[in-house]
Amino acid sequence: MSCRLHRPTILPISALPTMRNALLCLATTLILSACGGSDDNEDNTVSSPSLPSNPPSSNTPDETEADTDWLPAGGSATITADISQPFLQIMPNLPSSALGGVSPGRELFITEWTPANQGRVLFDGVGPLFNANACTQCHSAEGRKPIYANDGELSDAILFRLGDKQGLAHAYYGEQMQHQSIDASIATEGKMRYIATVEDDKNSKSIRFNFTPTDPNQPLGDTAISGRISPQLVGMGLLNLIPDASIIAAADANDDNKDGISGRVHWVNEGVHERIGRFGWKAINSSLHTQNANAMSQDMGLTTSIFMDPNCTANQPICWTAANGGTPEVSDSSLDAVTDFMTALAVPERRVSNLSTFNQGANLFTQVGCAGCHTPKQKTGDSDRFPLLSQQTIYPYTDLLLHDMGAGLDDGVKEKNAESFEWRTPPLWGIGIVAQDSDARFLHDGRASSLTEAILWHGGEAEGAKTRFEQLSVEQKNILLSFLNGI
Ligand code: HEC
Ligand code: HEC
């Protein structure tokens with residue numbers, strides 16, 4: 001399919017530095033920290049770690065051994081991490097034919113969309129209800145945007161999914177809360193604030209949210225609120241290309257291998273097809289195409305040929321009366337261009353300051369059982385559109401499966417066929433770069449303020465791995481964390 005954008009200028013690659021500046025301006029609130037360095041406690045003199053008893057077998061035993069050659073993390077899509085904005089970068093060596101979609105896609109991704117009828121035909125139609133008016137308001141080139149301020153205020157980079165354990169959305173608000181609207185004639189849905197409480201047993205912050213509806217006659221009732229922070233976008237095209245067969249082969253729904261881990265495929269229904277969900281914290285989107293259309297619809301109020309209706313529920317009649325910016329507001333060629341940009345996203349290289357310590361960390365990662373879900377190595381299938389992404393050995397640290405993560409992480413919201421306690425294993429590549437920002441938050445709602453806290457919240461199928469992590473010596477924990485900081 002052709003991905004040309006119907007507009008007068010197509011951005012040449014030579015214009016990318018300008019776009020980088022634009023991104024920088026958009027990201028002024030972000031605290032920048034230098035990349036490439038490592039602030040972990042590395043120690044070359046450590047002896048071989050001895051482990052607590054009963055380390056689990058992995059679902060993919062032959063793929064979790066530490067590599068001594070350490071191929072590039074994202075195969076041909078790998079870029080240097082030693083730059084101030086290591087995310088949202090385009091993979092190297094793309095032929096100019098592919099850039100025809102990728103460059104305009106990047107522009108559509110960073111532009112601030114305006115409401116309908118304001119003279120920017122290609123970039124209008126945001127709202128009537130929305131969370132943010134640009135993809136980059138939430139997805140940052142540095143890692144993750146700050147979300148929590150000290151006084152209970154939240155930034156736009158966290159959104160809220162609404163629902164219950166049966167998968168029912170709220171009759172008035174729908175499946176996502178939008179706190180912005182295009183003008184005063186359309187009421188916003190409400191405002192979220194947070195309360196941080198300290199859990200004694202974990203010594204880790206638990207985040208609770210308070211919702212104040214704009215219309216006091218529309219209470220949330222029994223509907224649960226699930227905070228979702230915006231993930232860093234890394235190697236999306238590569239994840240899209242992991243063959244279904246590899247994901248299915250790693251699933252072990254009934255835990256037949258008795259390692260306590262029973263990942264299952266999130267089959268999602270798309271029209272007549274059953275597809276494997278891959279994207280989002282609960283893997284509700286099967287492809288970058290549907291993921292992007294979903295983001296446009298729910299996060300920005302932009303219609304596409306996939307979601308033709310505005311994001312108003314049947315109980316929000318005034319919302320339906322707002323002017324629209326085209327039918328649909330985002331043309332297929334624009335949606336394809338954004339998908340091309342997402343597909344071409346690079347992977348920052350691993351940052352290994354001491355190979356021997358790194359390999360020890362990789363072994364610990366496997367031995368305590370992290371690799372049972374965070375699968376280190378995957379291989380992509382074939383792409384006609386981006387042949388450079390074909391047959392690449394990559395290190396994303398995910399199985400793309402759903403896991404029961406226990407009561408502590410149960411958000412009360414079933415999405416598609418993912419239960420309220422189930423989450424997709426998030427890829428960990430680049431997580432150490434994210435962690436260099438002291439404001440960075442982890443887990444779906446950002447309750448963890450460090451990698452260690454994130455690990456300590458693991459429960460359910462990950463209870464064993466969490467416990468074995470806790471039993472490591474301080475020295476071993478540091479080695480494991482320094483490995484995480486380097487992948
Ligand atoms: C209001 C904030 C916000 C905006 C605006 C936004 N996103 Fe997202 N994005 C998120 C959040 C939050 C998630 C995870 C959603 C979930 O699982 O509930 C996400 C997930 C994604 C993912 C999947 C990442 C993964 O690891 O699975 C992609 C790709 C993505 N967004 C692309 C886009 C594109 C393209 C746009 C603009 C058209 C966009 N997003 C706009 C917040 C945002
Ligand atoms: C049973 C599968 C499973 C095991 C085992 C597991 N994880 Fe996870 N991990 C997950 C899932 C699922 C999440 C997302 C949970 C959420 O956001 O609520 C996650 C989240 C994380 C995060 C936060 C990622 C982010 O983007 O914020 C880190 C870091 C992490 N895991 C590291 C580890 C380490 C280290 C180990 C071993 C001690 C481990 N995990 C073991 C499934 C697992």
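Atoms within a ligand are numbered from 1 in the order they appear, just like the ligands themselves.
Considering each of Cys138, Gly277, Pro231, the one bringing a non-hydrogen atom nearest atom 11 (C) of ligand 1 is Pro231. Around atom 34 (C) of ligand 1, the closest heavy atom drawn from Cys135, Ala132, Ala283 belongs to Cys135. When Thr366, Leu428, Asp399 are checked for heavy-atom proximity to atom 28 (C) of ligand 2, Leu428 turns out nearest. Considering each of Thr343, Asp299, Val330, the one bringing a non-hydrogen atom nearest atom 6 (C) of ligand 1 is Asp299. Proximity annotation for atom 27 (O) of ligand 1: of Ser230, Ser226, Gly280, Gly280 comes nearest, heavy atoms only.
A donor-acceptor pair shorter than 3.5 Å cannot be found between the side chains of Thr398 and Arg424.
Remark: ligand 2 and Arg144 share an N or O pair separated by less than 3.5 Å (distance only, no angle test). Between His444 and ligand 2, at least one pair of N/O atoms sits closer than 3.5 Å. Geometrically, ligand 2 and Leu443 share a nitrogen or oxygen pair separated by less than 3.5 Å. In terms of N/O distances under 3.5 Å, ligand 2 is approached by His458. Not one N or O of Arg441 is nearer than 3.5 Å to an N or O of ligand 2, by distance alone.
With ligand atoms numbered from 1 in the order given, ligand 2 contributes 1 (C), 3 (C), 4 (C), 5 (C) to contacts under 4.0 Å with heavy atoms of Ala462. Those atoms of ligand 2 with a heavy atom of Pro426 less than 4.0 angstrom away are 9 (N), 10 (C), 11 (C), 13 (C), 14 (C), 19 (C), 20 (C), 24 (C). If you number the atoms of ligand 1 from 1 as listed, the ones under 4.0 Å from a heavy atom of Val338 come out as 35 (C). Per-residue contacts place Met296 under 4.0 angstrom from the following atoms of ligand 1 (heavy atoms of the residue considered): 38 (C).
The shortest heavy-atom distance from Ala157 to ligand 1 is not under 4.0 Å. Heavy-atom distances between Gly369 and ligand 2 reach below 4.0 Å in at least one pair.
The nearest N/O/S atom of His139 to atom 8 (Fe) of ligand 1 is NE2.
Test Leu480, Val368, Leu443, Leu484 against Ile455 for side chain to side chain contact (heavy atoms under 4.5 Å, CB included) and you get one pass: Leu484.
For the pair Arg447 and Trp457, the cation-pi test (distance below 6.0 Å, angle within 45°) is passed.
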